Amino acid sequence: MAEDRNNKPASTIEEPERRRMFKKVSRRLGAAVVGSIIGSALLRSRPAPAASVLRPPGALPEKDFQSACVRCGLCVEDCPFDILKLASWADPAPMGTPFFTAREEPCRMCYDIPCVAACPTGALDPLLTDIRKADMGLAVLVDHETCLNYKGMTCSICVRVCPIRGEAISLKPIQNELGVLQIPTVDSTKCTGCGTCEKHCVLAEAAIRVLPRELGQGLSGANPAGRTPVWGMKG
Amino acid sequence: MSASLAALYRRRWLLSRRMVQIFIVLAFLVDWPEIGRIANGNLSSSLWLGVLPLTDPFIALQSLLSGTMLAKTALIGTVLIAAFYFIFGGRIYCSWVCPINMVTDLAYWLRQKLNVKGNMTMPRELRMAVLGMSLVLTVLSGTLAWENFNPITLFQRELMWSSLAGGLVLLSLFLFDLLITRRGWCGHLCPVGAFYSVLGRYGRVRVTAKQSGSCAGCGACIKVCPEPHVLAPVVSLKANAVTHGDCTRCGACLDQCSSGAIAMKFDLGKSFHGIPIVSK
């Protein structure tokens, strides 16, 4: 029997056969590993959503949104004011995802929220039924030097155009060397981030801007130093 | 007159296919009088006539793998589309629905006209690797990896909001098919086609040999077939129907066949296992 095994040409073939198989499998595995590294490098090299990119009302948090949104554009087509756009290759948002730019066209806050109703996947949360609860971002008065109200004038256009009238942005008096100034102040619990204030700011570049909430708002920390460890928290 | 009719007849599958493809492109694009838009959305997810939701199962799979369960509407749409291609044959999508097919067919046509000889050979299995890779990357990155590139929806977006960058991506795909590899994109690289060929592997619409003996053996069908390997068993009389998942049911072979030896058939009766029944 042992003799038989030694003499059989099949046994001499079997070994190279197996070796070839191993070679084939490991070559493919190698290609897969190299491919995944290059592929994820490509994916990561795509620009992160810019701060000026705002999502439609009801959008899930950015990470969940990017996995739930199938880039179909139904929200875009159902927007009666045509403010939404699907990101093309060159836009600063993941390709095909819907966004709007407040300075160009702000969200008009339709009471029936047609974009959310149109979303087939739930990337725009169907539980959002009251547009005043939307959270597209947060208006921040980013520039205290050019804002006319800080110069002692009462422009206050941002306060007057705000659709959450008198609640999301209101004038608060502060005292400085110029006297008493009426400063537009945003209530972060009321602001929906629709961007109407940014759109209508009279300056050449808006002094008040809507930022995604994680950029526009601080977060009190849990430890005594006032900071939680934040390495890698920003995604 | 009858000569031109005969010419039309010899392109009947091609013309029907183009009509369906153009209809689908226009359905998403044009507001018709009275009816309005026939379909809203795009080929990843759409709503037809305001009632019928359809969702691409490949995109739904990516969404699932990246960690989200789609909502009801999209799930219904996914099931409808998946069931259709499962029953009839997966790559019907490629030759009857996908708009990129028109781009790559144009590149192929021009390639023939200009007599472009250069052809970088690639294995046809490469698209399976691209498919696997895009699913792995979807899991790793938590975003729909393929949708960062997908030229199908890119094409539709470019029709609505044209951009230089997007146009250049489509142009490079066209040039790739024209100058570098014959039927390079649809036949070798596209993971969407690979996905549908797996999904509709046992689809029941098949190019079938009508009767043994009627084939003149001219080989014209093989010459025009975008996936010639699927026809080989039929032409060499080893099988009486095309059972390979790669067949796109484009009907190019039927347009070419002058002896009427093959036909497109919906066959429910016979083997459900894709095992060819050998005749002769």
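Each chain gets a letter, A, B and so on, in the order the sequences are listed, and its residues count up from 1. Only a predicted model underlies this, so the values are computations on that prediction, with no experimental measurement involved.
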Student: Within 45° of the ring axis of Tyr108(B) and under 6.0 Å from its six-membered ring centre, is that where the NZ or CZ of Arg183(B) lies?
Tutor: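 Checked: cation-pi criterion met.
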Student: So if I take each residue of residues 118-136 of chain A and look for any heavy atom under 4.5 Å from a heavy atom in chain B, which residues do I end up with?
Tutor: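 Heavy-atom contacts from residues 118-136 of chain A to chain B are Pro120(A), Thr121(A), Gly122(A).
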Student: With a 3.5 Å distance limit and no angle check, can you tell me whether Asn42(B) reaches the backbone of Arg71(A) through a side-chain donor-acceptor pair?
Tutor: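 Here the side-chain-to-backbone pair exists.
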Student: Which atoms of Ala145(B) are under 4.5 Å from chain A, going by heavy atoms: the side chain, the backbone, both sets, or neither?
Tutor: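 Ala145(B) touches chain A through backbone and side-chain heavy atoms alike.
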Student: Aromatic contact between Tyr93(B) and Trp96(B), with the criterion being ring centroids under 6.0 Å apart: yes or no?
Tutor: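 Tyr93(B) vs Trp96(B): aromatic centres not under 6.0 Å.
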Student: Ignoring hydrogens, what is the shortest heavy-atom contact between Thr248(B) and Ser95(B)? Give both atom names and the distance.
Tutor: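 Thr248(B) and Ser95(B) have their closest heavy atoms at O-OG, 2.6 Å.
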Student: For Gln62(B), is it the side chain, the backbone, both or neither that has a heavy atom under 4.5 Å from a heavy atom of chain A?
Tutor: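 Contact with chain A: none, neither part.
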Student: I'd like to know if the side chain of Ser63(B) and the backbone of Ala60(B) have a donor-acceptor N/O pair within less than 3.5 Å.
Tutor: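 No, because the side chain of Ser63(B) does not come within donor-acceptor range (under 3.5 Å) of the backbone of Ala60(B).
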Student: So which residue, Leu75(B), Asn40(B), Ile59(B), ends up with the most heavy-atom pairs under 4.5 Å with chain A?
Tutor: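 Going by pairs under 4.5 Å, I would pick Asn40(B).
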Student: To the nearest 0.5 angstrom, please state how far the CD1 atom of Ile208(A) sits from the SG atom of Cys197(A).
Tutor: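 These two atoms lie 4.0 Å from each other.
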Student: Under the salt bridge (Lys or Arg N to Asp or Glu O under 4.0 Å) rule, what do Arg209(A) and Asp143(A) come out as? Steps first, then yes or no, please.
Tutor: CA-CA 9 Å; Arg209(A) 295 182 190 195; Asp143(A) 193 349; over 6 Å; no
Student: What are the two closest heavy atoms between Val116(A) and Pro57(A), and how far apart are they?
Tutor: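 Looks like CG2-O, 3.3 Å.
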Student: At their closest point, which heavy atom of Val53(A) faces which heavy atom of Pro212(A), and how far apart are they?
Tutor: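 Of all heavy-atom pairs spanning Val53(A) and Pro212(A), the closest is O-CG, 4.3 Å.
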Student: For Asn150(B), is it the side chain, the backbone, both, or neither that has a heavy atom closer than 4.5 Å to a heavy atom of chain A?
Tutor: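 Just its backbone gets close to chain A.
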Student: Quick one: closest heavy-atom pair of Cys79(A) and Leu84(A), and the distance?
Tutor: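 Distance-wise, the nearest heavy atoms are CB-CD1, 4.2 Å.
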Student: Looking at chain A, which one of Leu70(B), Asp56(B), Asn148(B) has the largest number of heavy-atom pairs inside 4.5 Å, strictly under?
Tutor: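 So the answer, after comparing Leu70(B), Asp56(B), Asn148(B), is Asn148(B).
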Student: Is any residue of residues 22-30 of chain B within less than 4.5 Å of chain A by heavy atoms, and which ones?
Tutor: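 Listed by number: none.
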Student: Which region of Cys75(A), side chain (C-beta onward) or backbone (N, CA, C, O), has a non-hydrogen atom less than 4.5 Å from a non-hydrogen atom of chain B, or is it both or neither?
Tutor: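 Contact with chain B involves no heavy atom of Cys75(A) at all.
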Student: If you check every heavy atom in residues 161-180 of chain B against those of chain A, which residues fall under 4.5 Å?
Tutor: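 Hits under 4.5 Å: Trp161(B), Ser163(B), Ala165(B), Gly166(B), Val169(B).
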Student: Counting only heavy atoms not in Phe86(B) (residues, nucleotides, ligands), do more than 12 fall under 6.0 Å from its CZ?
Tutor: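 Incorrect, the count does not exceed 12.
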Student: Anything under 30° is parallel, anything over 60° is perpendicular, the rest tilted; go ahead and classify Tyr85(B) against Tyr196(B).
Tutor: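 Tyr85(B) and Tyr196(B): perpendicular rings.
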Student: Tell me, do Leu49(B) and Ile35(B) make a side-chain contact under 4.5 Å, heavy atoms counted?
Tutor: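 Leu49(B) reaches Ile35(B) side chain to side chain.
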Student: Any donor and acceptor pair, going by atom type alone, linking the side chain of Gln21(B) with main-chain N or O of Val97(B) inside 3.5 Å?
Tutor: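 Answer holds: no.
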Student: Looking at every non-hydrogen atom in both residues, tell me the closest pair between Ser134(B) and Trp146(B) and how far apart they are.
Tutor: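 In this case the closest contact between Ser134(B) and Trp146(B) is CB-CB, 4.0 Å.
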Student: Report all side-chain donor-acceptor pairs from residues 106-115 of chain A shorter than 3.5 Å, counting only partners two or more places apart or in another chain.
Tutor:
residue, atom, partner, partner atom, Å
Arg108(A), NH1, Glu105(A), OE1, 3.0
Arg108(A), NH1, Pro106(A), O, 3.0
Arg108(A), NH2, Glu105(A), OE1, 2.8

